[in-house]
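Report on the structure given below.
As a basis for the values below, the full set of heavy atoms in this structure was taken, side chains included, without hydrogen atoms, waters or symmetry mates.
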Amino acid sequence: MTTNIIKYQTNTTKSMTNIEHDEEFNERKYKRDYYDFELIGNGISGYSNIYERIDEIKRCTGIDNLEMVRPIVEKNSKNMKLKIKVKEYSDYKTLTKEWPLDSFKTGIKIKKSYPNLKVIVLDVQRNFKANQDNIEIKALQDNYGLYNIRRIHNHKNQPCNKITAKCKKISDFIDVIKDGVFIGSKKYRVIPHTVNYRVCSKCGSLKHQQKDCFKAQYCLKCSGTGHHIDNCNSFFDKCINCLGPHKCFSDKCKEFAQKKIFINRFVLKILIGEKFISSASDILQVGNDSKEDQTSESSDTSKLNDLIESIFSDKINNL
Ligand SMILES: [Zn+2]
Ligand SMILES: [Zn+2]
Ligand SMILES: [Zn+2]
């Protein structure tokens with residue numbers, strides 16, 4: 001019996017190492033723009049300025065090329081924690097390992113951040129409750145590394161037959177897209193979530209949104225001034241950003257397409273790297289003239305995701 005336990009433990013340790021190895025492989029293959037984490041400890045507030053904090057981090061870990069060290073005071077406890085950002089994965093690895101017991105005098109805890117990856121589970125019955133009390137939700141969290149699991153609602157706030165979830169690891173993201181997920185005894189298809197970009201609804205800019213806009217109202221169809229797109233009488237489209245013969249939020253616009261690729265670059269890098277798609281245009285309709293729409297729907301129910309659904313349904317987790 002002892003032999004069995006030892007054998008079991010050895011196997012467990014081995015597979016744990018493999019998981020860590022896979023994750024490190026994925027993190028290095030699909031680099032994030034930056035890596036961040038939180039440093040939590042009672043002693044932190046005793047370090048009153050940025051230089052003292054940076055010095056202490058360097059003393060404890062040897063790392064000094066930090067992109068950001070931002071103190072955050074927690075509302076209830078008034079405790080101070082530090083949000084730290086670094087550019088390199090290797091620095092992140094070092095910084096999120098064990099720290100000396102006397103770090104920031106009383107010791108610290110690390111709260112790592114997850115990569116920004118989201119998926120959509122398709123065809124989930126509308127009466128399925130996506131909340132913490134549901135054991136099926138717990139199973140999705142435990143078995144697939146998913147969290148923040150939520151029902152998608154349409155613009156009338158009615159439940160859709162889809163739920164979204166964030167992924168704790170890159171490998172979780174890849175695995176659920178490849179294989180789908182089980183809820184109970186039924187398997188469900190999973191597709192990647194991408195963000196649909198919106199131009200500034202006031203001036204059509206790709207650089208800001210309406211709440212930050214100081215420009216005059218431009219027509220998003222003809223780029224004329226003095227009227228809204230809803231009242232546009234022009235027979236012609238003219239793009240505000242590239243001056244081409246299309247609306248400024250059209251997929252025909254190279255600048256708009258580039259912006260969409262840019263904001264989805266991390267997920268696209270993984271989808272291409274894992275050969276789910278061969279290029280961004282497979283799912284983002286870059287330079288295509290089939291879609292020209294800036295509706296008021298939420299991004300979760302956007303046509304972009306409908307498109308991804310149709311493409312991915314053909315390509316992957318055929319059940
Ligand atoms: Zn604007
Ligand atoms: Zn117009
Ligand atoms: Zn354009």
Side-chain angles (χ1 to χ4, degrees), residues 30-34 116-120 152 154-155 164 191-316:
Y30 305 116
K31 253 185 74 60
R32 306 188 215 172
D33 288 346
Y34 59 83
N116 188 13
L117 292 169
K118 206 168 164 184
V119 291
I120 301 174
I152 297 182
N154 66 15
H155 58 287
T164 59
I191 59 168
H193 177 271
T194 57
V195 185
N196 208 0
Y197 186 76
R198 280 163 206 286
V199 297
C200 169
S201 56
K202 194 174 162 206
C203 77
S205 170
L206 293 165
K207 297 194 174 86
H208 61 257
Q209 294 293 297
Q210 183 171 7
K211 63 180 170 50
D212 305 310
C213 184
F214 295 106
K215 288 194 180 171
Q217 169 88 59
Y218 282 84
C219 172
L220 303 188
K221 178 183 186 311
C222 73
S223 79
T225 52
H227 67 274
H228 188 266
I229 182 169
D230 291 345
N231 306 317
C232 182
N233 295 321
S234 170
F235 292 110
F236 304 101
D237 294 350
K238 185 178 171 193
C239 175
I240 292 163
N241 296 305
C242 78
L243 310 180
H246 49 249
K247 297 183 186 77
C248 61
F249 51 86
S250 162
D251 281 318
K252 284 183 229 168
C253 179
K254 289 269 176 342
E255 288 187 25
F256 182 67
Q258 285 306 322
K259 184 79 189 190
K260 275 207 292 192
I261 291 174
F262 183 75
I263 58 172
N264 288 292
R265 62 195 178 284
F266 184 55
V267 58
L268 288 171
K269 188 156 63 175
I270 298 172
L271 295 176
I272 293 168
E274 296 300 312
K275 300 196 166 55
F276 288 125
I277 57 173
S278 54
S279 76
S281 57
D282 281 5
I283 55 171
L284 290 183
Q285 296 271 297
V286 180
N288 202 316
D289 57 2
S290 66
K291 195 171 81 72
E292 216 177 64
D293 193 12
Q294 170 148 317
T295 62
S296 57
E297 289 171 73
S298 82
S299 62
D300 279 342
T301 57
S302 71
K303 291 193 173 174
L304 177 59
N305 278 314
D306 289 347
L307 176 70
I308 291 171
E309 180 177 334
S310 67
I311 291 166
F312 272 76
S313 299
D314 295 342
K315 282 194 176 176
I316 50 163

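By the side chain to side chain contact (heavy atoms under 4.5 Å, CB included) test, Thr225 pairs with Tyr218, sequence neighbours left out. Here Lys31 pairs with Glu88 under the salt bridge (Lys or Arg N to Asp or Glu O under 4.0 Å) rule; sequence neighbours left out. Applying the side chain to side chain contact (heavy atoms under 4.5 Å, CB included) test to His227 and every residue at least two apart in sequence or in another chain returns Cys219, Cys222, Cys232. Shown here are the side-chain hydrogen bond (donor to acceptor under 3.5 Å, both in side chains) partners of Gln217, two or more places apart in sequence or in another chain: there are none. With sequence neighbours excluded, the residues that form a salt bridge (Lys or Arg N to Asp or Glu O under 4.0 Å) with Asp33 are Arg265. Take Glu255 and apply the side chain to side chain contact (heavy atoms under 4.5 Å, CB included) test, not counting sequence neighbours, and it matches Leu206, Asn241, Cys242, Cys253.
The salt bridge (Lys or Arg N to Asp or Glu O under 4.0 Å) contacts involving residues 201-211 comprise nothing, where partners must be two or more places apart or lie in separate chains. Sorted by first then second residue, the salt bridge (Lys or Arg N to Asp or Glu O under 4.0 Å) pairs that include residues 216-233, not counting sequence neighbours, are Lys221-Asp237.
Considering every non-hydrogen atom in both Phe266 and Tyr30, the closest pair reads CE1-O, 3.4 Å. Residues Asn196 and Ile263 share a closest heavy-atom pair of C-CD1, 4.5 Å.
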Hey, mind stepping through Leu268 and Ile277 against side chain to side chain contact (heavy atoms under 4.5 Å, CB included) and telling me if it holds? CA-CA 8 Å; Leu268 288 171; Ile277 57 173; 4.0 Å; yes
Take Cys203 and His208 through the side chain to side chain contact (heavy atoms under 4.5 Å, CB included) test and state the conclusion after the steps. CA-CA 9 Å; Cys203 77; His208 61 257; 3.4 Å; yes
Take Asp251 and Lys260 through the test side chain to side chain contact (heavy atoms under 4.5 Å, CB included) and record every step on the way to the result. CA-CA 9 Å; Asp251 281 318; Lys260 275 207 292 192; 2.7 Å; yes
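Between Ile120 and His193, the closest side-chain pair of non-hydrogen atoms falls below 4.5 Å.
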